[in-house]
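In what follows, residues are counted from 1 in the order of the sequence shown.
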Amino acid sequence: MSTTDSYLAHEYSPGTPSLLRAINERTLLEYLRSHQPTSRAQLARATGLSKPTVSQALANLENAGLVRAIGQSIASKGGRIAILYEPNPDAGYVVGVDVGRGWVRAAVANLACQIIARDDTPNDAQNASELVALISLLARNVVAEAGLSWSQVVHAVIGTPGVFDEQSKRVLFASNLPDWGRHGLVTELQTAFGLSLSVENDANLAALGERSFGWGSSASTFVYITIGTGIGMGIVINGALYRGARGAAGEIGFLPFGLDEDLEESGKISDTFLGMFEEATVAKAIVRQAQKLGLPASLSPRQIFDAAQQGDSKAPAVVEQEGYRLALAIAASTAVLDTELIVIGGRIGQRGELLLPPLERKLQELTPLRPHIVTSKLGSDSVLLGSIATALEVAHKLVFQHYVNFKS
């Protein structure tokens, strides 16, 4: 029995007409979601259900607001008019949130994955409680801007650095967000949102965003590497996200290489050190490397990359070093996963025009494996779009389950 059928059987006694009706309705709804607008006759042929069964099920779903008639077509036989149906995109809404060290982004979308409103705001929170309040306010404001009520939101997904540990209900390894790993945080988020909510690693969501809307849609096995304030990898194998045994798959910040020997010996590894490779590749490392080569301490990573693009004599060496270090991680992951595609994103990873040439040169020295490497199509929206796509997977089930509960 599928997971869909199992929760329906939980609501209805097995073998009863009410259970069979619910399964038929779910079958039609799922078919409509994955196909163009369809007539009753076409649905009957595609699903194997009788025409009377299809007509009754569609009537029930239409009365409940889960499907809608959107037009007519002329049937090929006899020139009869056929009414076309599709899922009602306004039967529910989802909220996606991307929590970063510098910015928080939020969007609301309908069940057809159409984003209705979105907003970005600087993350000026000084502690976890302030950040929870900021996230909740931004999400509620976006829903209001869309002309919706909060009660119309079915599910929300929050993307965050770190790993959500299901057993302890804590976010682990999110050192760039003050106090974000404390006990009770997820409960505080759920209370602030007051609806069905899940927390997911940002790199995982970026990979899912890329799978749905970017280069990953044409690759069954790929990884998404995000580089900014932190570094992470989302892994998609045979079209599905791979999380690992404890949800920490892709935490490449822990790879045991990348730091310069003089940095290790000097004891300048930060107090929030989580992994050697993260310490060597993220934004702070780029600034540190630039200072080492004599560039002004006031330059940000973006300014360093801009200087390299504009022909500065020292900045290209910083970019080249970053590309070389990323090549180490790609060589290691490719040897293990044999991915056909590597997508690079994040605030630093988006500078592919500068990063990719030294990265690919170094990769040729390290491995005979040649994955295709691209910069993300989605820019800074990868995590946000991934959170929307993930929220919709849950919301479709919840909307139908609410309908089942109401009927029972």
I would like to know whether Arg347 and Thr226 meet side-chain hydrogen bond (donor to acceptor under 3.5 Å, both in side chains); could you show each step before the answer?
CA-CA 8 Å; Arg347 189 158 44 93; Thr226 177; over 6 Å; no
Salt bridge (Lys or Arg N to Asp or Glu O under 4.0 Å) assessment of Arg68 paired with Glu86:
CA-CA 6 Å; Arg68 65 183 183 182; Glu86 71 172 6; 2.7 Å; yes
How far apart are the C-alpha atoms of Tyr224 and Leu208, what are their side-chain angles, what is the distance that settles it, and do they pass the side chain to side chain contact (heavy atoms under 4.5 Å, CB included) test?
CA-CA 9 Å; Tyr224 184 107; Leu208 293 176; over 6 Å; no
Let's go through Tyr403 and Phe400 carefully: what are the C-alpha distance in whole Å and the side-chain angles of both, what is the deciding distance for ring-ring contact (aromatic ring centres under 6.0 Å, His included) to 0.1 Å, and is it a yes or a no?
CA-CA 5 Å; Tyr403 162 69; Phe400 189 75; 5.4 Å; yes
Mind running side chain to side chain contact (heavy atoms under 4.5 Å, CB included) on Ile344 and Ile227 for me, showing each step along the way?
CA-CA 8 Å; Ile344 299 179; Ile227 317 126; 3.6 Å; yes
Please walk me through it: do Ile225 and Ile342 pass side chain to side chain contact (heavy atoms under 4.5 Å, CB included)?
CA-CA 7 Å; Ile225 300 176; Ile342 307 286; 4.1 Å; yes
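Between the side chain of Glu130 and the backbone N or O of Gln126, at least one donor-acceptor pair lies under 3.5 Å. A distance-only check finds a donor-acceptor pair linking the side chain of Asn63 to the backbone of Ala59 [under 3.5 Å]. With hydrogens and angles ignored, the 3.5 Å screen pairs no side-chain donor or acceptor of Glu30 with any backbone N or O of Thr27. Side-chain atoms of Asn88 come within 3.5 Å of backbone N or O of Gly65 as a donor-acceptor pair. Judged by distance alone, the side chain of Ser333 and the main-chain N or O of Ile330 form a donor-acceptor pair under 3.5 Å. Not a single donor-acceptor pair under 3.5 Å links the side chain of Asp98 to the backbone N or O of Val383. Ser387 places a side-chain N or O within 3.5 Å of a backbone atom of Leu384 that can act as its donor or acceptor partner. The closest donor-acceptor contact from the side chain of Thr38 to the backbone of Gln36 lies under 3.5 Å. Here the side chain of Ser136 pairs no donor or acceptor atom with the backbone of Val132 at under 3.5 angstrom. Side-chain atoms of Gln303 come within 3.5 Å of backbone N or O of Ser300 as a donor-acceptor pair.
No hydrogens or angles considered: a donor-acceptor pair under 3.5 Å links the side chains of Gln56 and Asn60. Judged purely by distance below 3.5 Å, without hydrogens or angles, the side chains of Thr47 and Tyr31 never pair a donor atom with an acceptor atom. Counted by atom type alone, Ser376 and Ser382 present one or more donor-acceptor pairs between their side chains at under 3.5 Å. Defined by atom type and a distance below 3.5 Å, a donor-acceptor pair is missing between the side-chain atoms of Arg351 and Thr375. With no hydrogens or angles considered, a side-chain donor-acceptor pair links Tyr85 and Arg40 at under 3.5 Å.
Taking 4.5 Å as the limit, every side-chain heavy atom of Lys362 sits out of range of all side-chain heavy atoms of Arg325. The closest side-chain heavy-atom distance from Val171 to Val163 is not below 4.5 Å. A heavy-atom distance below 4.5 Å is not found between the side chains of Asp202 and Asn204. Residues Arg170 and Arg182 fail the side-chain proximity criterion, which asks for heavy atoms closer than 4.5 Å. Taking the side chain as every heavy atom from C-beta outward, Leu138 and Val97 never approach each other to under 4.5 Å. With a 4.5 Å cut-off on side-chain heavy atoms, Asp381 and Arg118 count as touching. For the pair Ser39/Ile83, no side-chain contact is recorded, criterion being any heavy-atom separation below 4.5 Å from C-beta on. Here the side chains of Val319 and Glu322 are not in contact, with every heavy-atom distance at 4.5 Å or above.
Closest approach of Glu25 and Ala57 over heavy atoms only: CG-CB, 3.7 Å. Between Ala332 and Phe257 the shortest heavy-atom distance is CB-CZ, 4.4 Å. Counting all heavy atoms, side chain and backbone alike, Leu111 lies closest to Ala395 at CD2-CB, 4.0 Å. Of all the heavy atoms in Gly100 and Leu177, the pair that sits closest is O-CD2, 3.9 Å. Residues Met276 and Pro256 approach most closely at SD-C, 3.5 Å, considering heavy atoms.
Ion pairing between Lys377 and Glu210 fails under the 4.0 Å rule for side-chain N and carboxylate O. The existence of a salt bridge linking Glu393 and Arg33 is excluded, since no basic side-chain nitrogen approaches an acidic carboxylate oxygen closer than 4.0 Å. Contact check on Asp306 versus Arg302 returns a salt bridge, with a Lys/Arg side-chain nitrogen under 4.0 Å from an Asp/Glu carboxylate oxygen.
Among pairs with a residue in residues 114-156, those fulfilling ring pair (Phe, Tyr, Trp, His ring centres under 6.0 Å) read Trp150-Phe193, at least two apart in sequence or across chains.
One finds the CG atom of Leu341 at 9.0 Å from the CD1 atom of Ile373 (value rounded to the nearest 0.5 Å). A distance of 6.5 Å separates CG in Leu134 from CG in Asp124, rounded to the nearest 0.5 Å.
Atom CH2 of Trp180 has more than 12 neighbouring heavy atoms from other residues, nucleotides or ligands inside a 6.0 Å radius.
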Which pairs of donor and acceptor atoms, one on a side chain in residues 234-255, lie under 3.5 Å apart (sequence neighbours left out)?
| unit_1 | atom_1 | unit_2 | atom_2 | d |
| --- | --- | --- | --- | --- |
| Arg243 | NH1 | Glu200 | OE1 | 2.4 |
| Arg243 | NH1 | Glu200 | OE2 | 3.0 |
| Arg243 | NH2 | Glu200 | OE1 | 2.8 |

